[in-house]
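To keep things clear, I will list the structure first and then write my remarks on it.
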Amino acid sequence: CIDRSLEMVVGILGILKAGGAYVPIDPSYPRERIDFMLGDTSCGVVLVQNSYKDMIREDIGIKRLNTDDLEHLLKDIPSTSLDLLRTPQSITYVIYTSGSTGFPKGVLIPDSGVVRLIEWSRMTLKESTKILQLSSISFDAATFEIWSSLLNGGNLVLYPHRRLDLLSINELILSDGVDTVWFTSALFDEWSKSDISRLPLKYILTGGDIVNPFSVATVQTKLKKVRIINGYGPTENTTFTCCYEILQGLNVLKPIPIGKPINGTKVYILNEDCSLCPVGVPGELHIGGAGLSRGYLNLPDLTADRFVADPFGGGGLVYRTGDLGRWL
């Protein structure tokens, strides 16, 4: 339960190096939601900064580790690596989403999902990459921001304020040489109207809702060399499932597609009989591959309903998204 900060990143790395999984808690969550998450995960330790310590009840037997005391806590602890083995199926994090069910459910994301995300072949991320960490840690876009930078040896630039302010965002991008950002489609729409012409951006990813073609055209006019990518994907498939690079000269009167599956991902558009839909015929998106969640924590019936056998063999599972799509 902590704001975006260096201590947040140190805490996440420490949890994983100790063989655990992290559960992001947004300090703005209602007390009831936080209590539910702590109980549902049977959490034993909570990393919390001093200003939010009262959000974690003392009477439920959970140890609170104050991140403001990290320097004091760590000074006497050995710095050698722990003799622990993580596997591709080890759980990286449990992120809670309400979705269509109306109640919080914990999505179990494995290490393989995160690694598949950062090996994304449509972007060149390297040691010189600077990614802006703007998303709340409780939103899975933060997965892309944090791990795409750190696991590629790049730089993670932390936005220092809770409130998103366009002027502050642009000043930080300019001052720190940020070259890669992820914006929700709503924020992208507002951001496109701001003074962005001098920003050193190479990649802009956006999504989470319908992307406004007029906003894309505006940004492409101001930043002629930037690559803009529309990303689609539910939390259950580790942030991104499909992506579409929007080239210069788009027709602003047509909707922007969600594109094709990223590496390590498969997508089917199926009818009610679980048969493939012909080109142009709408059907339900079913997704699978290395990014697939291991299901919902403590919800076996819902997991069995949403994560079903791949109808085309291979022994794997696919996730029934409930979203409709069609091949163009």
Side-chain angles (χ1 to χ4, degrees), residues 88-89 91-122 139-141 143-144 182 184-185 205-211 229-245 255-328:
Q89 290 305 305
I91 299 301
T92 309
Y93 61 85
V94 182
I95 194 166
Y96 277 78
T97 176
S98 296
S100 58
T101 63
F103 65 90
K105 53 185 187 293
V107 182
L108 300 161
I109 298 297
D111 288 4
S112 61
V114 177
V115 173
R116 153 266 194 191
L117 182 66
I118 65 101
E119 290 180 340
W120 190 13
S121 59
R122 299 186 200 177
F139 183 36
D140 69 343
T143 305
F144 166 78
W182 190 96
T184 63
S185 52
L205 293 94
T206 184
D209 205 336
I210 296 172
V211 178
I229 298 172
N230 179 29
Y232 159 82
T235 300
E236 287 84 351
N237 201 45
T238 317
T239 310
F240 292 130
T241 295
C242 293
C243 285
Y244 179 80
E245 183 168 351
I256 296 172
I258 62 172
K260 297 180 179 180
I262 68 171
N263 58 297
T265 304
K266 53 187 175 183
V267 174
Y268 305 130
I269 299 179
L270 306 179
N271 61 23
E272 293 181 354
D273 297 325
C274 285
S275 298
L276 289 170
C277 293
V279 172
V281 176
E284 184 181 5
L285 288 167
H286 290 62
I287 58 181
L292 195 63
S293 162
R294 290 182 59 186
Y296 300 115
L297 181 65
N298 300 326
L299 294 172
D301 292 342
L302 183 61
T303 297
D305 178 63
R306 305 302 295 184
F307 295 83
V308 298
D310 186 335
F312 302 102
L317 299 176
V318 291
Y319 171 65
R320 297 173 48 234
T321 67
D323 293 334
L324 294 180
R326 60 189 175 94
W327 292 112
L328 300 180

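Everything quoted here is computed from the prediction, not taken from an experiment. When a residue number appears, it is its place in the shown sequence, counting from 1.
Residues passing the salt bridge (charged side-chain N to carboxylate O under 4.0 Å, His left out) test with D310 are K266, sequence neighbours excluded.
Between W327 and I269, the shortest heavy-atom distance links the atoms N-CD1, 3.6 Å. The heavy-atom pair separating P311 from C274 by the smallest distance is CB-O, 4.2 Å. Closest approach of G208 and S185 over heavy atoms only: C-OG, 4.4 Å. Between A141 and T239, the shortest heavy-atom contact is CA-CG2, 4.1 Å. Counting all heavy atoms, side chain and backbone alike, P282 lies closest to C277 at O-SG, 3.7 Å. The shortest non-hydrogen separation linking P257 to N230 is O-ND2, 2.9 Å.
Using bins of under 30°, 30° to 60° and over 60° for the plane-to-plane angle, the ring pair W182/F139 lands in the perpendicular bin. Taking the six-membered ring for Trp and thresholds of 30 and 60 degrees, F312 and Y268 have ring planes more than 60 degrees apart, a perpendicular arrangement.
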Test ring pair (Phe, Tyr, Trp, His ring centres under 6.0 Å) applied to Y244 and Y232, step by step: CA-CA 9 Å; Y244 179 80; Y232 159 82; over 10 Å; no
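At least one donor-acceptor pair closer than 3.5 Å links the side chain of S293 to the backbone N or O of L108. For the pair R306 (side chain) and Y319 (backbone), a donor-acceptor distance under 3.5 Å is absent. The main-chain N or O of V114 is never found under 3.5 Å from a side-chain atom of T238 such that the two would form a donor-acceptor pair. Side-chain atoms of S112 never come within 3.5 Å of backbone atoms of Q89 as a donor-acceptor pair (strictly under, hydrogens ignored).
Between the CD1 atom in I262 and the SG atom in C243 there is a gap of 6.0 Å [rounded to 0.5 Å]. Taken to the nearest 0.5 Å, the CD1 atom of I210 stands 11.5 Å off from the CD1 atom of I258. Atom OH of Y296 and atom OG1 of T303 lie 7.0 Å apart (nearest 0.5 Å). Rounding to the nearest 0.5 angstrom, the gap separating the CD1 atom in I287 from the CG atom in L317 is 12.0 Å. Put simply, OG1 on T241 and CG on L285 are 9.0 Å apart, with the number rounded to the nearest 0.5 Å. Summarising the geometry, atom CG belonging to D140 is positioned 10.0 Å from atom CG belonging to N237; distances are rounded to the nearest 0.5 Å.
Using a 4.5 Å cut-off on side-chain heavy atoms (C-beta onward), D209 and T184 make no contact. Between K260 and V267 there is no side-chain heavy-atom pair separated by less than 4.5 Å.
Of the candidates N263, T265, D111, T265 is the only one forming a side-chain hydrogen bond (donor to acceptor under 3.5 Å, both in side chains) with R116.
More than 12 non-hydrogen atoms from other residues, nucleotides or ligands lie less than 6.0 angstrom from CG of L276.
Residues in residues 231-244 take part in no salt bridge (charged side-chain N to carboxylate O under 4.0 Å, His left out) pair, two or more places apart or across chains. Listed by first and then second residue, the side-chain hydrogen bond (donor to acceptor under 3.5 Å, both in side chains) pairs involving residues 272-290 amount to none (not counting sequence neighbours).
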